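Notes for the one structure printed next.
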Amino acid sequence: MIIKNSDKPWDAVWFNARLATMASGAQPYGLLENAAVGVRNGRIEWIGDTDQLPHAVLNNCPQQVDCKGLLVTPGLIDCHTHLVYGGNRTNEFEQRLNGVSYEQISRAGGGIAATVAATRAASAAELLEAARGRLEGLLAEGLTTVEIKSGYGLNLPDELKILRVARQLGEEYPLEVVTTFLGAHATPPEYQNREEDYIDLVCDQILPAVADENLADAVDAFCENIAFTPQQVSRVFDAAGYHKLPVKLHAEQLSDSKGAVLASSYGALSVDHLEYLTEQDVAKLAASNTVAVLLPGAFYFLSETKLPPVDALREHNVAIAIASDSNPGSSPVGSLLLMLNMACTLFKLTPEEALAGVTRNAARALGRGDRIGTLEVGKQADMVLWRISDPAELSYRIGGNPCNQVMYRGKPR
Ligand code: NIG
Ligand code: FE
């Protein structure tokens with residue numbers, strides 16, 4: 001007798017779900033009522049009506065979850081974090097509230113440089129322990145993928161140290177860690193006023209070592225008047241291309257430096273922040289597949305007032321992702337759900353756009369849109385069962401965590 005592949009028992013089935021598949025289509029949120037999802041070998045094998053479940057495959061299916069009409073979404077994806085660092089910057093928070101600006105603090109040797117000093121002084125074990133705490137907070141909210149950047153080492157040993165810690169987090173925890181080399185985050189103190197020499201170090205020494213050890217999935221830079229010029233960023237991107245690594249960019253956060261258009265000309269996966277992106281440049285961005293990643297936590301925490309051009313991004317059909325930017329200086333954020341609320345309240349995204357920003361579009365921003373980010377047959381079985389039924393409620397609440405169960409690659413977590 002021939003056993004058809006489709007008759008083999010499933011590893012898991014979640015049924016009676018309000019399924020926000022987040023697949024693009026006619027229904028808001030790609031919503032399916034009374035739905036069931038069958039999972040085999042870590043992938044989604046079947047999606048359909050609970051009443052049509054093929055009973056043969058349910059025999060011996062060890063994980064059968066009655067979702068009782070509650071909401072199921074794809075696992076959440078935080079596509080922009082700086083989770084691995086030493087110390088914190090509570091003192092700068094206090095300074096800013098006493099009237100000193102983020103830019104002034106940065107120019108006076110604080111800011112990123114302060115975290116660089118603390119990160120260099122920390123051992124890998126200490127960095128790992130500190131990052132675990134931060135990651136566990138995110139995990140509890142149904143994260144199944146997180147991106148982690150380096151960029152607080154700014155020399156060969158410390159950039160490697162951060163990226164190894166990030167990779168190790170991916171081995172310790174049941175979630176996918178995507179790593180990004182952000183050597184061109186700031187000029188380290190020992191290279192002050194020698195920015196070009198530092199870019200040489202990044203391109204000729206640190207990046208090749210990072211690539212050699214396969215420590216990064218992408219390369220990022222900070223294009224800003226307090227960081228690097230478009231020309232310097234181009235050098236880093238050319239080096240990334242040489243090592244066959246995709247690029248992304250911190251762009252237009254504090255001023256219009258024309259970083260986003262430059263990055264999109266390199267086929268960047270994403271351009272991130274974008275408060276100062278002009279409408280004309282949105283049109284140029286639209287000609288690429290580059291995702292616009294908005295970071296409402298940094299906007300909020302720095303008390304920024306210049307809003308990213310959300311209407312123009314929408315009009316030009318640029319995919320919008322939302323991320324925590326979790327970092328000690330501009331976004332000490334431990335909750336991606338809170339970012340959904342802020343994306344709506346501060347940037348006027350709809351709750352559906354916000355949820356797409358941490359699922360479908362966040363997956364694209366990581367170059368993994370073919371594998372994660374939506375609930376569709378063939379995709380990785382990363383999903384979350386929530387104690388709520390309306391997907392907009394994920395954006396509506398401030399605080400509180402309705403996450404009930406998480407499946408990662410087909411396994412209960
Ligand atoms: O994404 N913009 C550049 N980097 C971080 C902030 C880093 C820091 O202040 O430590 C960001 O906002
Ligand atoms: Fe950032």
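All values derive from a computational prediction rather than experimental measurement. Whatever order the structure lists them in is the order used to number ligands and atoms, beginning at 1. Just so you know, these numbers use all the heavy atoms, side chains as well, and skip hydrogens, waters and symmetry mates.
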(request) Please assess Y152 against D158 for the test side-chain hydrogen bond (donor to acceptor under 3.5 Å, both in side chains), listing each intermediate value before the final yes or no. (result) CA-CA 8 Å; Y152 290 120; D158 292 303; over 6 Å; no
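Contact check on D281 versus K284 returns a salt bridge, with a Lys/Arg side-chain nitrogen under 4.0 Å from an Asp/Glu carboxylate oxygen. With salt bridges taken as basic N to acidic carboxylate O contacts below 4.0 Å, none links E136 and R132. A salt bridge is defined here as a Lys NZ or Arg NE, NH1 or NH2 lying under 4.0 Å from an Asp or Glu carboxylate O, and K258 with D256 meets this definition. Salt-bridge formation is not detected for the pair R43/D11: no Lys NZ or Arg NE/NH1/NH2 atom is positioned less than 4.0 Å from an Asp or Glu carboxylate oxygen. Ion pairing between a basic and an acidic side chain is recognised when a charged N comes within 4.0 Å of a carboxylate O; R107 and E103 show such pairing.
In K306, the NZ atom is crowded: over 12 heavy atoms of neighbouring residues, nucleotides or ligands sit closer than 6.0 Å. Counted within 6.0 Å of CD on E172, heavy atoms from surrounding residues, nucleotides or ligands total more than 12; the atom is thus considered enclosed. Residue-environment remark: OH (Y191) exceeds the threshold of 12 foreign heavy atoms within 6.0 Å.
For ligand 1, the atoms sitting less than 4.0 Å from at least one non-hydrogen atom of H80 are 1 (O), numbered in the order shown with element in parentheses. Less than 4.0 angstrom separates some heavy atom of S330 from each of these atoms of ligand 1: 5 (C), 6 (C), 9 (O), 11 (C), 12 (O). Residue-ligand proximity, I112 to ligand 1, at heavy-atom distances under 4.0 Å covers atoms 7 (C), 8 (C), 9 (O), 10 (O). Near Y152, with a cut-off below 4.0 Å to any heavy atom, the atoms of ligand 1 are 7 (C), 8 (C), 10 (O).
Scanning the protein heavy atoms around atom 5 (C) of ligand 1, the nearest turns out to be H185 NE2, 3.7 Å. Atom 9 (O) of ligand 1 has as its closest protein heavy atom Y102 OH, 2.5 Å. For atom 2 (N) of ligand 1, the closest heavy atom belonging to the protein is Q253 OE1, 2.9 Å. For atom 11 (C) of ligand 1, the nearest protein heavy atom (residue, atom name, distance) is D325 OD2, 3.2 Å.
Judged as a salt bridge (Lys or Arg N to Asp or Glu O under 4.0 Å), the pairs with a partner in residues 14-36 (not counting sequence neighbours) are, in order, R18-E33.
Protein N/O/S atoms closer than 2.8 Å to the Fe ion (ligand 2), listed by chain and residue number, are H80 NE2, H82 NE2, H250 NE2, D325 OD1.
Contacts of E224 with ligand 1, taken as heavy-atom pairs under 4.0 Å, are absent altogether.
Atom CZ of R371 and atom CG of D382 lie 8.5 Å apart (nearest 0.5 Å).
Not a single heavy atom of T115 sits less than 4.0 Å from an atom of ligand 1.
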